[in-house]
A.B. asks: 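Structure provided below as structure tokens; questions to follow.
Each chain gets a letter, A, B and so on, in the order the sequences are listed, and its residues count up from 1.
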Amino acid sequence: MPIIAYGEEMGYNPKEIEKKWQAIWESEEAFEPSDDQSKEKKYILSMFPFPSGRLHMGHVRNYAIGDALARYYRKRNFNVLHPIGWDAFGMPAENAAIKHGRHPKEWTYSNIDYMRKELSTLGFSFSKTREFATCDALYSRWEQAFIIKMYEDGLLYRESTTVNWCEPCHTVLANEQVEEGCCWRCTTEVQLREMPGYYIDIVKYADELLDDLEQLEGKWPQQVLAMQRNWIGKSQGLEFRFELTKESQVKLGGKFDAYQVFTTRPDTIYGVTYSALAAEHPIVKYLLDHNLLDEQTAEAIIRIANSSERDRAQAEKEGYALGIDVIHPLTGEIIPVWTANFVLASYGGGAVMAVPAHDERDFEFAGRYGLPIKRVIEGGERLPYVGTGVLVESGEFNGRESGDVKEAIINHLEEKSAGKGTTNYKLRNWGISRQRYWGAPIPFVHCEACGLVPEKVENLPIVLPEDVEITGEGNPLENHPTWKRCACPQCGKEAIRETDTLDTFVQSSWYQFRYATDPKKWDERGIDRDDANYWLPVDQYIGGIEHAILHLLYARFFTKVLRDMGQCDIDEPFERLLTQGMVLKDSAKMSKSKGNTVDPDGLIAQYGADTARLFILFAAPPQKELEWNDSAVEGAFRFIKKLYSKKEKATERVLPEIDHSTLSSPAKEARAKVYEALKKASEVYEKSFAFNTLIAASMEALNALDKQDNSSVWSEGMYILLNLLEPIIPHVSTELSESLFDRKNLSATLKIKEEVFVQDTITLAITINGKKRTQIDISPDTPKEEILVIAREAGSKWLEGMSIIKEIVVPGKLVNLVAKPI
RNA sequence: GCGCGCGUGGCGGAAUUGGUAGACGCGCUAGAUUCAGGUUCUAGUGGGGGCAACCCUGUGCUGGUUCAACUCCAGUCGCGCGCACCA
């Protein structure tokens, strides 16, 4: 019986161990990447946090995964870049200012200081020299330079259009930032508003953004790829002109002679019985402005135009005849024009041809208003029939298949100069203006004489004024007495500075390049091309699925833009993506409002960082949701205590040479388990990320070691287990590695010794007709014939009155005897 | 409606990718240690049956392929996520 009188000193003391190693790592600058770019690199990146004040469990999970990978590759002698920074601009800082009267800047930087400490108590191996906050003036400086370059390259423009306005956030939102008609941040319904703003032409890159998803196949989650494809929404078809009749042209004051419509089904063009315009369409506007509609109709159309897209999507089909007609480009028929609430203003020109026989929406609308329905595709019992088939009543195209007639109809219209093959995207250009204070100023100036002028690059950064009053009313930059007054960069006369700030997604679109740039060069340039080419793409990116569209699409887009600017030579920023699941408690997302949070600080105070990290990686595979479980945390703590308590078992300070054949069978078993865990390690760290199974294998190995007492086997076991657990529970692993092996076990590349898997006897399952009946122990080199003899004997009980018709031996696994009654 | 994914003990989850289902952990049961609680240790733990060796049954459901299916195929039900009048 061991004496445990001085157990307190002997026992596992996470606080002391963790503090000690965190200090050592800091003084050793253990996590800084090397400047030597001839070394093989790994860039491991967890999405950077918004400095909200405190870490939550989602952060802990995110960084525990990234840290495990970074530490693994560092040990494998890769040059590892594992940076952290702060996504520091954004609304919550202003909300805190309104609520608590704290200046956003002060609030943000003090949050960063606190959270940086939290990260270090968790022992994450981040590079310290590359840390930055996106609200740092130096970061804005380069971002503003990129924005100006985009403007010069014709990729960025200012335009007044209908935008999504969120009243509580007091700003416009990009399309991606509207979820089911509501603001992604505050979930209130967005309003449509006409106002000027800055846009980046992301649609120009739509094809590349779509096509390059193929390169990511198998490396990004399928779901994310599908969401991106869906969002880009490429569709090919026909765009053609609907010529207005002479009478209609006259009615429209000669202002319009035709309008464009888009269809993906040119094969149904002979089935057109009406055409429909969005309520916002210029022709409808003209009719309203010139009182060419009766009062009731006009009112109804205005009501539709003022309702949100979301409301319209839920409303019944509704529309009004406009009293004008167009001419069918192929048949010359007169087609009535309607306005309809289901036609989207923002897609395909805001106008459609309507083929009620072959489109559900058109059908429903036609039914409601008694419009004619003309079938032109054979197939299906009932209308609408939206499938493909043989064309009828389609003039010269009769009898041909939809599939091969599409191209012909497009060509036909092209020849008549009435239409052309076109590609449309659901993706819209990225609106980057925000009418808020706490963001990077958009570096433009409005000059009465020169118009819109970009700021001179040498004047960058344009920094925010600090003496502002944040009340939640209006834009503080707009309201500031002097800030917006400036000199025109072009003519030098008095001008007005732009008061919109950049969408915060702009900052997170290029931060991966900033980390890669040697900090010594941060003053000189935003991105160093050689550094970027060396470090990027990020080998493994880790973050929440909630960024599947927004951030990941923007960052991919920026990468391509920066490439075209000559900042780097890569096409895709993130080679592999891991989307972690949420951390739940009581089956609900942890949140302050639900009161179901578990505070990382409290957990660390109670059990230590290693337990927190171990639990979070053990409880579920990283991609899945993780249900918090206090007693399972205890279990993780118990494992670490057990590991620690076994340190005296290892008596040799190097990896011992062991003669496997002389060992007892529990010792052999223990070695096999240890090496199984080692085998698993590389697969887990490099491929599957199923840390839960690696931890399970390590637990099995420790349990097996504990069932034997050979100190060499113990030494070898600890040597290996501490190595493979170090990325997960670094403090206790390093502590034990230091005291047992002078940390030599942490730098070595460990070899798998195949001989430990060779067993004296192996167990084969005996199955009869695929059903397991019994098992046999045999020597591994027993010939097949002999195995069958033993197997038949072992199974004889179940084979009575049967005749064997087939025998299958799966080496090392089982014997299956296939038998039939005689 | 369309797209993607998932259904395995009381719970979290394993299963070398077609070869002994339920590893590992939590929980639970019994026992040991303890004045007691906690800790720790030992044994057991999918369901049903049997004194027992054992037997039956079992991966949402129904079929199929195969010597062999949690794994592959078809259908079906349920759940989750995303998109949603995109012409």
Side-chain angles (χ1 to χ4, degrees), chain A residues 1 4 179-181 221-231 233-235 237-238 261-265 268 276 309-310 312-315 317 340-344 346-355 358-362 364-365 386 424-428 545-546 548-549 581 614-615 618-621 623-636 638-639 641-642 645 676 679-680 683 690 692-703 763-775 797 804-819:
Chain A
M1 273 286 152
I4 42 170
E179 295 171 351
E180 293 180 14
Q222 274 190 45
Q223 200 195 171
V224 176
L225 295 174
M227 284 165 76
Q228 295 235 338
R229 284 198 182 97
N230 207 325
W231 190 263
K234 180 177 182 170
S235 55
L238 164 72
V261 296
F262 174 74
T263 178
T264 55
R265 291 294 303 270
T268 65
E309 254 186 44
R310 178 187 164 83
R312 276 189 245 183
Q314 283 163 354
K317 296 262 180 302
N341 65 344
F342 68 88
V343 180
L344 301 173
S346 50
Y347 185 80
V352 296
M353 69 175 200
V355 183
H358 306 295
D359 182 282
E360 290 188 25
R361 296 152 301 186
D362 299 345
E364 195 187 327
F365 190 82
V386 298
N424 252 319
Y425 302 92
K426 284 205 272 184
L427 182 70
R428 321 265 169 84
I545 184 90
E546 64 272 22
I549 296 173
L614 182 66
F615 167 74
F618 181 55
Q623 298 88 342
K624 280 194 70 167
E625 293 185 331
L626 185 155
E627 176 70 35
W628 196 264
N629 179 335
D630 289 328
S631 24
V633 175
E634 293 271 0
R638 212 173 291 148
F639 171 72
K641 277 195 290 187
K642 182 170 175 176
S645 74
E676 264 169 42
K679 229 179 192 173
K680 192 144 204 116
E683 180 213 314
N692 54 329
T693 63
L694 176 61
I695 295 163
S698 304
M699 288 172 168
E700 278 188 73
L702 187 63
N703 291 344
T763 304
L764 292 189
I766 305 302
T767 64
I768 291 164
N769 293 328
K771 187 173 283 190
K772 193 202 164 188
R773 288 301 179 180
T774 184
Q775 56 191 37
K797 187 174 157 187
I804 295 174
I805 55 172
K806 200 168 185 180
E807 297 167 327
I808 288 134
V809 179
V810 183
K813 299 281 182 192
L814 55 75
V815 178
N816 191 21
L817 302 174
V818 186

A.B. asks: Over all heavy atoms of both residues, which pair between A/K642 and A/L702 is shortest? Give the atoms and the distance, please.
C.D. replies: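 Nearest pair, atom of A/K642 first, then A/L702: CG-CD2, 3.9 Å.
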
A.B. asks: Quickly work out the A/K772 NZ to B/G18 C1' distance and round it to whole Å.
C.D. replies: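 About 18 Å, once rounded to whole Å.
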
A.B. asks: Between B/G46 and B/G12, how far apart are the C1' atoms? Round to whole Å, please.
C.D. replies: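 It comes out at 16 Å once rounded to the nearest Å.
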
A.B. asks: Out of B/A87, B/G3, B/G19, which nucleotide sits closest to the side chain of A/A226?
C.D. replies: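 The nucleotide sitting nearest to the side chain is B/G3.
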
A.B. asks: Between B/C67, B/G12, B/A87, which one does the side chain of A/I808 approach most closely?
C.D. replies: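 Between B/C67, B/G12, B/A87, the one nearest the side chain of A/I808 would be B/C67.
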
A.B. asks: Just checking A/E360: does its CD atom have more than 12 heavy atoms from other residues, nucleotides or ligands closer to it than 6.0 angstrom?
C.D. replies: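 No, the 6.0 Å shell around CD holds no more than 12 heavy atoms from other groups.
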
A.B. asks: Between A/K317 and A/F365, is NZ or CZ placed under 6.0 angstrom from the six-membered ring centre and within 45° of the ring axis?
C.D. replies: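 No, a cation-pi geometry is absent between A/K317 and A/F365.
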
A.B. asks: Using atom types as modelled and distance alone, determine if a side-chain donor or acceptor of A/R773 lies under 3.5 Å from a backbone N or O of A/K797.
C.D. replies: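 A pair under 3.5 Å: no.
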
A.B. asks: From the options B/U20, B/G13, B/A87, select the nucleotide whose nearest atom is closest to the side chain of A/P621.
C.D. replies: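 From the listed options, B/G13 comes nearest.
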
A.B. asks: I want to check one thing: is the phosphate of B/C56, taken as OP1 and OP2, less than 4.0 Å away from some side-chain N or O of A/R773?
C.D. replies: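 The answer is yes; a side-chain N or O of A/R773 sits under 4.0 Å from OP1 or OP2.
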
A.B. asks: Work out how far the C1' atom of B/G64 is from that of B/C11, and round it to whole angstrom.
C.D. replies: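 One C1' to the other, the span is 34 Å.
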
A.B. asks: Verify the contact: side-chain N or O of A/K624 to OP1 or OP2 of B/G13, cut-off strictly under 4.0 Å; return yes or no.
C.D. replies: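 Yes, because at least one side-chain N or O of A/K624 sits under 4.0 Å from OP1 or OP2 of B/G13.
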
A.B. asks: With RNA chain B as reference, determine whether A/M699 or A/D362 sits nearer its 5' end, using the nearest nucleotide of each.
C.D. replies: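 So the residue in question is A/M699.
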
A.B. asks: Using the C1' atom in both, what is the distance from B/G78 to B/U29, to the nearest Å?
C.D. replies: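 So the two C1' atoms sit 34 Å from each other.
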
A.B. asks: From CZ of A/R312 over to C1' of B/A87, roughly how many Å is that when rounded to an integer?
C.D. replies: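 One finds 16 Å between C1' of B/A87 and CZ of A/R312, rounded.
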
A.B. asks: Contact class for A/P221 vs. all strands (heavy atom < 4.0 Å): base, sugar-phosphate, or nothing?
C.D. replies: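 Nothing, no heavy atom under 4.0 Å.
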
A.B. asks: Which part of the nucleic acid does A/A619 contact within heavy-atom distance under 4.0 Å: base, sugar-phosphate only, or nothing?
C.D. replies: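 Here A/A619 touches the backbone only, sparing every base.
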
A.B. asks: To the nearest Å, how far apart are A/R229 CZ and B/C81 P?
C.D. replies: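 One finds 23 Å between P of B/C81 and CZ of A/R229, rounded.
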
A.B. asks: Counting just side-chain N and O atoms, does A/K771 come under 4.0 Å of either OP1 or OP2 of B/U57?
C.D. replies: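 So the side-chain polar atoms of A/K771 do come within 4.0 Å of the phosphate oxygens OP1 or OP2 of B/U57, strictly under.
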
A.B. asks: Between B/A87, B/C24, B/A14, which nucleotide gets closest to the side-chain atoms of A/E700?
C.D. replies: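 My answer, after comparing the listed nucleotides, is B/C24.
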
A.B. asks: Side-chain contact, heavy-atom cut-off 4.5 Å: A/P221 with A/Q623?
C.D. replies: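 No - every pair of side-chain heavy atoms lies 4.5 Å or more apart.
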
A.B. asks: Less than 3.5 Å between a donor and an acceptor, one on the side chain of A/K641 and one on the base of B/U39, is that the case here?
C.D. replies: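 Per atom types, no contact qualifies.
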
A.B. asks: Please work out if A/A315 contacts a base, only the sugar-phosphate, or nothing of the nucleic acid, heavy-atom cut-off 4.0 Å.
C.D. replies: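 Base contact.
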
A.B. asks: Using side chain to side chain contact (heavy atoms under 4.5 Å, CB included) as the criterion, point out the one residue from A/I766, A/V810, A/I768, A/T767 that pairs with A/V815.
C.D. replies: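 Answer to the side chain to side chain contact (heavy atoms under 4.5 Å, CB included) test with A/V815 among A/I766, A/V810, A/I768, A/T767: A/I766.
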
A.B. asks: Can you tell me how far P in B/G5 sits from the matching atom in B/G75, rounded to whole Å?
C.D. replies: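 After rounding to an integer number of Å, I get 15 Å for this pair.
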
A.B. asks: Using whole Å, what does the distance between atom P of nucleotide B/U17 and atom CD of A/E683 come to?
C.D. replies: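 Distance, rounded to whole Å: 9 Å.
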
A.B. asks: Can you check B/U57 for me, syn or anti if syn means within 90° of 0?
C.D. replies: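 That one's anti.
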
A.B. asks: For B/C67 and A/K806 - does any side-chain N or O of the residue sit under 4.0 Å from the phosphate oxygens OP1/OP2?
C.D. replies: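 Yes, because at least one side-chain N or O of A/K806 sits under 4.0 Å from OP1 or OP2 of B/C67.
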
A.B. asks: Is the distance from OP1 or OP2 of B/C67 to the nearest side-chain N or O of A/T767 less than 4.0 Å?
C.D. replies: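 For B/C67, neither OP1 nor OP2 has a side-chain N or O of A/T767 closer than 4.0 Å.
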
A.B. asks: I'd like to know if the side chain of A/N341 reaches the main chain of A/R312, judged simply by a donor and an acceptor atom lying under 3.5 Å from each other, with no hydrogens or angles considered.
C.D. replies: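 Between the backbone of A/R312 and the side chain of A/N341 there is no qualifying donor-acceptor contact (under 3.5 Å).
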
A.B. asks: Tell me which nucleotide among B/C85, B/G27, B/G13 gets nearest to the side chain of A/S631.
C.D. replies: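 Of B/C85, B/G27, B/G13, B/G27 is nearest to the side chain of A/S631.
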
A.B. asks: For B/C26 and B/U16, measure between their C1' atoms and round to the nearest Å.
C.D. replies: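 To the nearest whole Å, 26 Å.
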
A.B. asks: Tell me, which stems hold RNA chain B, with a stem being 3 or more Watson-Crick or G-U pairs in a row and both distances under 3.5 Å?
C.D. replies: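 Listed by first number, the stems are B:1-7 with B:77-83, B:10-12 with B:24-26, B:27-32 with B:40-45, B:46-49 with B:54-57, B:60-64 with B:72-76.
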
A.B. asks: Taking the side chain of A/M227 as heavy atoms from C-beta outward, which of B/G82, B/C83, B/A87 is closest to it?
C.D. replies: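 The answer is B/G82, which lies nearest to the side chain.
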
A.B. asks: For the P atoms, the ones on B/A69 and on B/U59, what distance do you get once it is rounded to whole angstrom?
C.D. replies: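 Comparing P positions in B/A69 and B/U59 gives a spacing of 11 Å.
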
A.B. asks: Kindly say if A/N703 contacts the phosphate of B/G25, meaning a side-chain N or O under 4.0 Å from OP1 or OP2.
C.D. replies: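 Looking at the OP1 and OP2 atoms of B/G25, one of them is under 4.0 Å from a side-chain N or O of A/N703.
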
A.B. asks: Nearest to the side chain of A/K317, which nucleotide is it out of B/C85, B/A23, B/A68?
C.D. replies: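 Of the options given, the side chain of A/K317 lies nearest B/C85.
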
A.B. asks: Which value, in whole Å, describes the distance between the P atoms of nucleotides B/G18 and B/C6?
C.D. replies: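 To the nearest whole Å, 16 Å.
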
A.B. asks: Going by modelled atom types, is there a donor-acceptor pair between the base of B/C83 and the side chain of A/N230 at under 3.5 Å?
C.D. replies: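 No, the side chain and the base share no sub-3.5 Å donor-acceptor pair.
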
A.B. asks: May I have the distance from A/K679 (atom NZ) to B/A15 (atom P), rounded to whole angstrom?
C.D. replies: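 Computing the A/K679:NZ to B/A15:P distance gives 16 Å.
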
A.B. asks: Answer yes or no: side-chain N or O of A/K426 and base N or O of B/C83 forming a donor-acceptor pair under 3.5 Å.
C.D. replies: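 No such pair is found, so the answer is no.
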
A.B. asks: If anything within 90° of 0 is syn and all else is anti, what is B/G9?
C.D. replies: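 Base orientation: syn.
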
A.B. asks: Measure CD/A/Q775 against C1'/B/C54 and give the value in whole Å, please.
C.D. replies: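 So the CD-C1' distance, A/Q775 to B/C54, works out to 14 Å.
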
A.B. asks: Looking only at heavy atoms, which two atoms of A/F615 and A/A632 are closest? And how far apart?
C.D. replies: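 Heavy atoms only, the tightest pair is CE1-CB, 3.6 Å.
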
A.B. asks: For the pair made of CD in A/E364 and P in B/G1, what is the distance, rounded to whole Å?
C.D. replies: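 Checked: the CD to P distance equals 15 Å.
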
A.B. asks: Can you tell me how far P of B/A23 sits from CZ of A/F618, to the nearest Å?
C.D. replies: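 About 12 Å, once rounded to whole Å.
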
A.B. asks: Ignoring the backbone of A/Q223, work out which of B/A14, B/C81, B/C67 is nearest its side chain.
C.D. replies: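 From the listed options, B/C81 comes nearest.
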
A.B. asks: When rounded to the nearest Å, what value does the distance between C1' atoms of B/G10 and B/G1 take?
C.D. replies: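 These two C1' atoms come out 38 Å apart once rounded.
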
A.B. asks: Considering all heavy atoms of both residues, which atom of A/Q228 and which atom of A/A548 are nearest to each other, and what is their separation?
C.D. replies: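 Smallest interatomic distance, heavy atoms only, reads NE2-O, 2.8 Å.
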
A.B. asks: If you look at every strand shown and take non-hydrogen atoms under 4.0 Å, does A/E625 touch a base, only sugar-phosphate, or nothing?
C.D. replies: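 Result for A/E625 = sugar-phosphate.
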
A.B. asks: Which part of the nucleic acid, if any, lies within contact of A/N816, taking any heavy atom under 4.0 Å across all strands shown: a base, the sugar-phosphate backbone alone, or nothing?
C.D. replies: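 It contacts base atoms.
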
A.B. asks: The side chain of A/W231 is closest to which nucleotide in this list: B/C4, B/A84, B/C26?
C.D. replies: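 Output: B/A84.
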
A.B. asks: CG/A/D362 to CZ/A/F342 distance, rounded to the nearest 0.5 angstrom?
C.D. replies: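 Output value for this atom pair is 5.0 Å.
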
A.B. asks: Side chain of A/A696 only, please: which of B/A23, B/A84, B/A87 is the nearest?
C.D. replies: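 For A/A696, the side-chain atoms sit closest to B/A23.
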
A.B. asks: Which heavy atom in A/E807 sits nearest to a heavy atom in A/I804, and how many Å separate them?
C.D. replies: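 So the two residues come closest at CG-CG2, 3.6 Å.
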
